Amino acid sequence: MLIRPLDTREQTSALTVIAAAFASETSPDSEPAEVELTRRLLVGPDVVAGLTLVAVRPDSDIVGVVV
């Protein structure tokens, strides 16, 4: 497992991981609020480039995100 900064081209993959982590069993088709929150944080002025981290498996799949 490798931990590294999120590449801006990977935002969709990162949001998919967050959606899976916060998915609701009662509403599996609705997007969790945490996804929109993260989306706003990533494009907002308060995120410091390089401090949003992803955990990546050797096959390059993102398995974790820290904003």
Side-chain angles (χ1 to χ4, degrees):
M1 176 109 27
L2 173 69
I3 297 176
R4 61 169 174 73
L6 173 70
D7 184 312
T8 56
R9 297 171 291 183
E10 299 173 310
Q11 286 187 7
T12 300
S13 296
L15 293 172
T16 299
V17 169
I18 292 168
F22 290 97
S24 169
E25 291 180 14
T26 57
S27 301
D29 295 328
S30 65
E31 182 177 86
E34 291 82 0
V35 173
E36 181 60 24
L37 172 63
T38 304
R39 187 180 290 119
R40 289 181 184 202
L41 284 170
L42 290 174
V43 299
D46 296 323
V47 170
V48 177
L51 291 184
T52 298
L53 304 175
V54 290
V56 184
R57 289 192 298 209
D59 60 4
S60 297
D61 286 343
I62 295 175
V63 295
V65 182
V66 176
V67 179

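Since this is a predicted model, take the numbers as computed values, not measurements.
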Open item on the list: Run the salt bridge (Lys or Arg N to Asp or Glu O under 4.0 Å) test against E34 and tell me which residues pass, sequence neighbours left out.
Closed with: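 Applying salt bridge (Lys or Arg N to Asp or Glu O under 4.0 Å) to E34 gives none.
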Task: Residues which pass side-chain hydrogen bond (donor to acceptor under 3.5 Å, both in side chains) with S24, listed by chain and number, not counting sequence neighbours - done: T26
Open item on the list: For A21, give me all partners under side-chain contact (heavy atoms from CB on, under 4.5 Å), at least two apart in sequence or on another chain.
Closed with: none
- [ ] Taking side-chain contact (heavy atoms from CB on, under 4.5 Å) as the test, write out the residues that go with T38, two or more places apart.
- [x] L15, I18, L42, V67
- [ ] Please report the closest heavy-atom contact between A19 and P32, naming both atoms and the distance.
- [x]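 Minimum heavy-atom separation between A19 and P32: O-CG, 3.6 Å.
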Open item on the list: Looking at every heavy atom in both S13 and I62, which two are closest together, and how far apart are they?
Closed with: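 So the minimum-distance heavy-atom pair works out to CB-CD1, 3.9 Å.
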Open item on the list: Using the rule that Ile, Leu, Val, Met, Phe, Trp and Tyr join whenever any side-chain heavy atoms are under 4.5 Å apart, tell me whether L41 and V66 fall into a single cluster.
Closed with: no
TODO: May I ask you to list the residues sharing a hydrophobic cluster with V63, side-chain cutoff 4.5 Å, ordered by chain and number?
DONE: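 Noted: V63 shares its cluster with M1.
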Open item on the list: More than 12 heavy atoms of other residues, nucleotides or ligands under 6.0 Å from CD1 of I3: yes or no?
Closed with: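 12 or below, so no.
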TODO: Please indicate whether R4 has more than 12 foreign heavy atoms, meaning atoms of other residues, nucleotides or ligands, lying under 6.0 Å from its CZ.
DONE: yes
Quick one: side chains of residues 51-61, donor-acceptor pairs under 3.5 Å with protein atoms, not counting sequence neighbours, listed by atom name and distance.
{"unit_1": "R57", "atom_1": "NH2", "unit_2": "D61", "atom_2": "OD2", "d": "2.9"}
{"unit_1": "D59", "atom_1": "OD1", "unit_2": "D61", "atom_2": "N", "d": "3.2"}

